[in-house]
Amino acid sequence: MRKIEHIGIAVKSLSDSNDLFEKLFGVAPYKEEEVESEGVKTSFFMNGPNKIELLEATNPESPIAKFIEKKGEGIHHIAFDVENIYVEVERLKKEGFVILNEIPKKGADNKLVVFLHPKSTNGVLIELCQEIAD
Ligand code: ZN
């Protein structure tokens with residue numbers, strides 16, 4: 001794994017939170033994107049070298065809706081940039097981590113993504129992401 005790619009924050013209202021984080025960072029989100037398969041609407045901010053993803057549920061079955069129901073708004077996941085997501089999944093499987101989706105799927109912001117189950121990572125939802133080459 002290389003650097004932290006972004007930190008994901010679960011929010012109830014993307015538009016309210018966009019306003020809040022725009023005030024906090026002094027920049028507007030550079031992108032908004034809906035990922036239908038995940039039931040989320042996302043926005044992305046760059047603050048210096050750091051990327052923050054906000055996630056709002058688009059339906060009550062969405063993992064984000066369930067997260068907010070249980071824990072309220074807040075940090076939802078930490079995403080790490082990996083060079084080769086397939087190699088990394090094999091390595092982590094051998095180490096005994098529970099992979100939520102062994103086959104990488106297309107996530108927001110032009111990435112292939114895999115999630116590790118928080119029960120195998122001390123309660124932290126970890127996302128691996130690899131930039132999709134154009
Ligand atoms: Zn993410």
Side-chain angles (χ1 to χ4, degrees):
M1 283 186 223
R2 302 190 291 194
K3 58 171 189 159
I4 289 179
E5 214 285 329
H6 63 269
I7 293 173
I9 299 175
V11 303
K12 287 182 184 160
S13 159
L14 201 61
S15 64
D16 289 354
S17 299
N18 279 343
D19 290 347
L20 180 75
F21 280 83
E22 184 169 340
K23 275 185 218 155
L24 183 67
F25 297 143
V27 292
Y30 67 86
K31 171 189 263 197
E32 277 191 38
E33 186 178 350
E34 185 164 347
V35 184
E36 243 183 78
S37 57
E38 296 290 304
V40 295
K41 248 180 3 191
T42 64
S43 64
F44 288 90
F45 289 83
M46 282 308 291
N47 180 33
N50 301 306
K51 188 192 286 185
I52 300 292
E53 174 184 30
L54 304 182
L55 305 108
E56 179 200 88
T58 54
N59 70 65
E61 295 310 306
S62 160
I64 295 299
K66 290 180 178 161
F67 178 89
I68 288 178
E69 210 172 277
K70 264 197 243 161
K71 300 189 176 173
E73 295 178 294
I75 293 183
H76 176 257
H77 65 271
I78 300 179
F80 289 91
D81 178 49
V82 298
E83 193 170 359
N84 184 321
I85 201 164
Y86 299 94
V87 170
E88 201 64 14
V89 164
E90 283 312 307
R91 183 181 76 81
L92 294 173
K93 260 167 67 180
K94 282 195 196 112
E95 295 285 2
F97 291 97
V98 179
I99 316 284
L100 283 170
N101 59 301
E102 289 192 14
I103 299 177
K105 56 190 175 185
K106 175 125 180 20
D109 208 23
N110 201 38
K111 302 276 194 274
L112 278 177
V113 302
V114 163
F115 287 93
L116 307 188
H117 198 294
K119 77 180 180 197
S120 66
T121 50
N122 285 164
V124 181
L125 178 60
I126 291 185
E127 175 184 347
L128 307 179
C129 56
Q130 179 185 340
E131 183 97 33
I132 297 171
D134 299 313

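Counting starts at 1 for both ligands and their atoms, following the listed order.
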Do any of the N, O or S atoms of H6 sit under 2.8 Å from the Zn ion (ligand 1)? yes
Any N/O/S atom from D109 (main chain or side chain) under 2.8 Å of the Zn ion (ligand 1)? no
Any ion pair linking K41 and E32 (charged N to carboxylate O, less than 4.0 Å)? no
Interatomic distance, CG@N110 vs CD@Q130, rounded to 0.5 Å, equals 11.0 Å
Stepwise, does the side-chain hydrogen bond (donor to acceptor under 3.5 Å, both in side chains) test hold for E53 with H76? CA-CA 10 Å; E53 174 184 30; H76 176 257; over 6 Å; no
Among K106, K111, R2, whose salt bridge (Lys or Arg N to Asp or Glu O under 4.0 Å) with E131 holds? K111
Would you name the N/O/S atom of E53 that lies closest to the Zn ion (ligand 1)? OE1
If you have a sec, read the angle at the Zn ion (ligand 1) from H77 atom NE2 over to E127 atom OE1, to 10 degrees. 80°
